[in-house]
K.L.:
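I am attaching a structure below and will ask some questions about it afterwards.
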Amino acid sequence: MKLVIIGGVAGGMSAATRARRLDESATIIVFERGQHVSFANCGLPYFIGGVISDRSSLLVQTPERLRRRFNLDVRTLSEVTAIDCERRQVTVHDLSGERTYVEGYDKLILAPGASPVRPPIPGADDPHVHALRTIEDMEGIDSAVEAAAGGRAVVIGGGFIGLEMAENLTKRGLDVAVVETLPQVMAPLDAEMAQIVHNHLLRQGVALFLGKSASAIERKGARLVVRLQDGAALGCDLVVLGAGVRPETWLAEEAGLEIGSTGGIKVDEQLRTSDADIYAVGDAIQVSDYVTGQPMLSPLAGLANRQGRIAADNACGRASTFRGAQATAIVKVFDLAVACTGASEKTLRGLNMPYEKVYISPPSHAWYYPGAAPMTLKMLFSSEDGRLLGAQIIGTEGVDKRIDVFSMALQARMTVYDLEEAELAYAPAYGAGNDAANMAGFVAANHLRGDMDIFPAEEITPDTAVLDVRTKGEFDAGHIPWATNIHVDELRERLDEAPAGAPLAVICASGYRSYFACRILAQNGLDVANVLGGYAAYRQYHPEETELRADGPIDSELKARFLFSAGAEAGQ
């Protein structure tokens with residue numbers, strides 16, 4: 001068999017090495033248009049930030065090592081410009097020798113990846129406007145940061161790459177602003193969870209221009225001006241595009257392969273395209289959402305690696321299927337770990353899928369062992385049978401462990417009742433007797449069994465009767481203005497002071513003490529509901545009550561470093 005693979009890095013190289021392990025006799029050729037066929041593209045922002053200092057550590061494999069160990073014919077600087085499905089051959093442009101030739105195949109695997117989105121605005125092609133995809137891109141940004149030492153950078157886009165770049169540019173001493181078309185960063189998160197990220201970015205000195213689009217990028221001498229659609233103008237020394245990626249499908253389209261509704265190459269469960277001899281993997285393909293069944297794009301390295309293996313299996317005659325994507329992801333945002341898996345609330349709402357949600361704020365490990373840090377955990381589950389639908393977690397420690405537990409539970413189609421019984425490793429330095437996953441299961445199951453009604457924090461209005469069961473000190477430090485404060489430990493003696501209203505929204509810091517209060521009150525005849533997530537969740541839904549918010553006093557001060565009036569010199 002002659003197997004040709006177009007594109008290296010995660011999906012292409014996983015396919016090539018898997019195919020060799022399955023078939024020692026196969027001829028395997030990998031075409032890569034860049035200089036590097038296998039590099040750690042997820043590590044590129046951290047080289048720019050100086051966290052990774054050795055450039056060579058990002059080069060996972062070289063063509064020479066791949067040739068020696070796997071007997072692969074790896075051809076870098078080789079761009080495939082056409083696929084002839086009928087003749088089963090590809091046209092290759094050798095960029096090093098400036099020649100063009102034709103190569104035949106028995107099976108073909110496409111791994112072209114995705115390209116950074118460049119907004120279709122004037123000035124986006126300026127050499128001081130950078131996108132990050134390759135080693136060469138990384139080196140260009142690194143040089144630009146060096147030249148802009150002590151200056152300002154504007155990052156267009158508040159997704160994974162945008163926030164990683166914001167952090168690492170800040171580490172290099174630049175003032176950084178993030179411009180995001182959506183009203184929040186991190187689109188996979190629900191808005192109230194994204195608010196936690198906004199707060200943290202502001203604490204780190206990153207200015208946020210949310211709900212705003214760039215309309216033009218102009219040069220003012222040696223500097224740049226990013227103009228926004230609302231008329232604002234941001235002066236800076238360099239611009240980095242972090243507005244996401246777009247599947248690179250032009251080669252597949254010109255070959256007549258079917259493209260899906262999301263813009264990715266359409267494949268079946270075997271990752272086969274509309275041509276029986278051609279497979280496709282990685283960022284360029286459309287996949288099925290494992291939770292909702294809807295078509296989606298999921299440009300994640302882990303998925304590309306697994307898809308490469310599956311495509312190689314099928315190309316070599318071994319039946320293998322891809323079950324779909326959960327979009328399990330985690331990103332470092334300064335001191336925070338921000339993670340998610342499965343569907344978000346906004347996705348479920350948009351699809352009219354019945355769901356419930358709970359919030360908890362568990363510690364990263366046993367509270368009495370030094371160093372325990374709080375996490376904010378949101379879990380979504382079916383209101384019909386309790387099946388897990390999604391989870392979002394933000395914290396400084398322990399987030400990666402928990403999101404992986406939820407990811408596996410979701411993949412196994414487990415319920416909140418299963419989470420109650422999950423047996424997870426425990427020692428005081430690493431977890432708690434009842435882990436965060438167990439606690440989320442307890443809270444959700446209590447609700448589904450009828451032991452606790454839930455009052456959503458976002459539905460609290462001045463007409464809502466609210467009982468705050470925190471200590472007086474906590475209450476005085478910040479509270480809902482019209483709430484009544486009775487500490488949970490005094491509640492039995494002060495039942496007659498509980499405010500009138502049905503249902504009575506009972507709130508504490510996180511929803512833990514308010515649950516105890518609800519049980520006391522319910523068994524004394526009151527109609528009560530627990531505000532899960534507590535006062536922290538209320539503040540996330542009502543950010544106008546804190547100075548640390550987008551468009552608040554602190555953010556306005558940060559923005560002032562970038563804004564300038566018409567006719568003024570950029571950045572002055």
Side-chain angles (χ1 to χ4, degrees), residues 117 157-160 162-163 178 180-201 208 210-213 242-245 261-264 286-300 324-331 333 336 338-360 376-384 386-394 399 403 406-407 410 416 440 444 447 454-461 531-533 536-544 549-550:
V117 173
F160 289 85
L163 296 190
V178 173
E180 170 56 54
T181 303
L182 297 174
Q184 66 169 80
V185 300
M186 293 294 295
L189 296 181
D190 288 316
E192 79 282 7
M193 297 295 284
Q195 182 62 37
I196 301 172
V197 185
H198 297 167
N199 293 347
H200 192 67
L201 287 167
L208 300 177
L210 304 178
K212 305 177 189 299
S213 298
V245 294
S261 59
T262 62
Q286 173 178 289
V287 297
S288 175
D289 187 311
Y290 187 69
V291 177
T292 68
Q294 298 295 306
M296 67 182 295
L297 300 173
S298 192
L300 298 170
Q326 298 165 217
T328 303
I330 188 168
V331 63
V333 183
L336 286 184
V338 182
C340 56
T341 187
S344 65
E345 182 176 3
K346 56 192 170 189
T347 295
L348 296 171
R349 189 186 304 120
L351 295 172
N352 291 317
M353 292 181 63
Y355 71 92
E356 297 276 3
K357 62 181 176 181
V358 297
Y359 299 90
I360 61 172
T376 300
L377 191 159
K378 177 179 184 178
M379 184 178 73
L380 298 146
F381 54 97
S382 168
S383 55
E384 297 174 339
R387 183 169 70 88
L388 183 64
L389 300 174
Q392 300 169 30
I393 313 175
I394 300 176
V399 172
I403 203 66
F406 281 102
S407 176
L410 195 152
V416 298
H447 174 58
I454 295 173
F455 201 107
E458 67 269 32
E459 295 181 13
I460 294 176
T461 70
V531 181
L532 290 182
Y538 175 82
R539 282 169 62 100
Q540 287 160 221
Y541 279 109
H542 299 80
E544 67 278 1
R549 67 182 192 275

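All of these numbers come straight from a predicted model, not from anything done at the bench.
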K.L.:
Look at the side chain of K357 and the backbone N and O of P456, then say whether any donor-acceptor pair between them is shorter than 3.5 Å.
P.N.:
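Not a single qualifying donor-acceptor pair exists.
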K.L.:
Check whether any side-chain heavy atom of M296 lies under 4.5 Å from a side-chain heavy atom of V287, and answer yes or no.
P.N.:
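A side-chain contact exists here, since the closest heavy-atom pair is under 4.5 Å.
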K.L.:
With rounding to the nearest 0.5 angstrom, report the CD1 to OG1 distance, I403 to T341.
P.N.:
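The distance works out to 5.5 Å.
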K.L.:
Can you tell me how far apart CG (L336) and CG (L201) are? Round to the nearest 0.5 Å.
P.N.:
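Reported to 0.5 Å precision, the distance equals 8.0 Å.
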K.L.:
What is the minimum heavy-atom distance between A440 and L377, and which atoms define it?
P.N.:
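So the minimum-distance heavy-atom pair works out to CB-CD2, 4.2 Å.
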K.L.:
Using atom types as modelled and distance alone, determine if a side-chain donor or acceptor of K346 lies under 3.5 Å from a backbone N or O of P188.
P.N.:
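It does not hold such a pair.
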K.L.:
Are I196 and Q540 side-chain neighbours, meaning at least one heavy-atom pair lies under 4.5 Å?
P.N.:
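I196 reaches Q540 side chain to side chain.
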K.L.:
So, does E356 use its side chain to make a donor-acceptor pair with the main chain of H447 at under 3.5 Å?
P.N.:
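Here the side-chain-to-backbone pair does not exist.
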K.L.:
Looking only at heavy atoms, what is the nearest atom pair of L163 and V197, with distance?
P.N.:
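The pair with the smallest heavy-atom distance is CD1-CG1, 4.2 Å.
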K.L.:
Determine whether a donor-acceptor pair (N or O, by modelled atom type, separation under 3.5 Å) exists between the side chain of Q392 and the backbone of I394.
P.N.:
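Flag not set: sc Q392 to bb I394 has no pair under 3.5 Å.
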K.L.:
Have a look at Y541 and tell me which of E192, E459, Q195 forms a side-chain hydrogen bond (donor to acceptor under 3.5 Å, both in side chains) with it.
P.N.:
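Single side-chain hydrogen bond (donor to acceptor under 3.5 Å, both in side chains) partner of Y541 among E192, E459, Q195: E192.
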K.L.:
For Q326 and S407, which I'm curious about, is there any donor-acceptor pair between the side chains at under 3.5 Å?
P.N.:
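Yes, a side-chain donor-acceptor pair sits under 3.5 Å.
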K.L.:
Are Y538 and E458 close enough that some pair of their side-chain heavy atoms sits under 4.5 Å apart?
P.N.:
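Result no, sub-4.5 Å side-chain heavy-atom pair not found.
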K.L.:
Grab the two heavy atoms, one from S344 and one from L380, that are nearest each other, plus how far apart they are.
P.N.:
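Looking at all heavy atoms of both residues, the closest pair is C-CD1, 3.7 Å.
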K.L.:
Kindly give the heavy-atom pair with the smallest separation between M186 and V338, and that separation in Å.
P.N.:
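Of all heavy-atom pairs spanning M186 and V338, the closest is CE-CG1, 4.2 Å.
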K.L.:
Taking all non-hydrogen atoms of both residues into account, name the closest pair between V416 and M379 and its distance.
P.N.:
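For V416 versus M379, the nearest heavy atoms are CG1-CE, 3.6 Å.
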K.L.:
Look up atom CG in L410 and atom CG in L389, then write down how far apart they are to the nearest 0.5 Å.
P.N.:
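With rounding to 0.5 Å, CG (L410) is 7.0 Å from CG (L389).
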K.L.:
For the atom pair CZ (F455) and CD1 (I460), what is the distance rounded to the nearest 0.5 Å?
P.N.:
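That separation rounds to 6.0 Å.
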K.L.:
Does V185 offer a backbone N or O that forms a donor-acceptor pair with the side chain of H198 under 3.5 Å?
P.N.:
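Yes; judged by distance alone, with no hydrogens or angles, the pair exists.
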K.L.:
Search all heavy atoms of A339 against all heavy atoms of V399 and return the closest pair with its distance.
P.N.:
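A339 and V399 have their closest heavy atoms at CB-CG1, 3.7 Å.
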K.L.:
Taking atom CD1 of I454 and atom OH of Y359, what is their separation to the nearest 0.5 Å?
P.N.:
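Here the rounded value is 10.0 Å.
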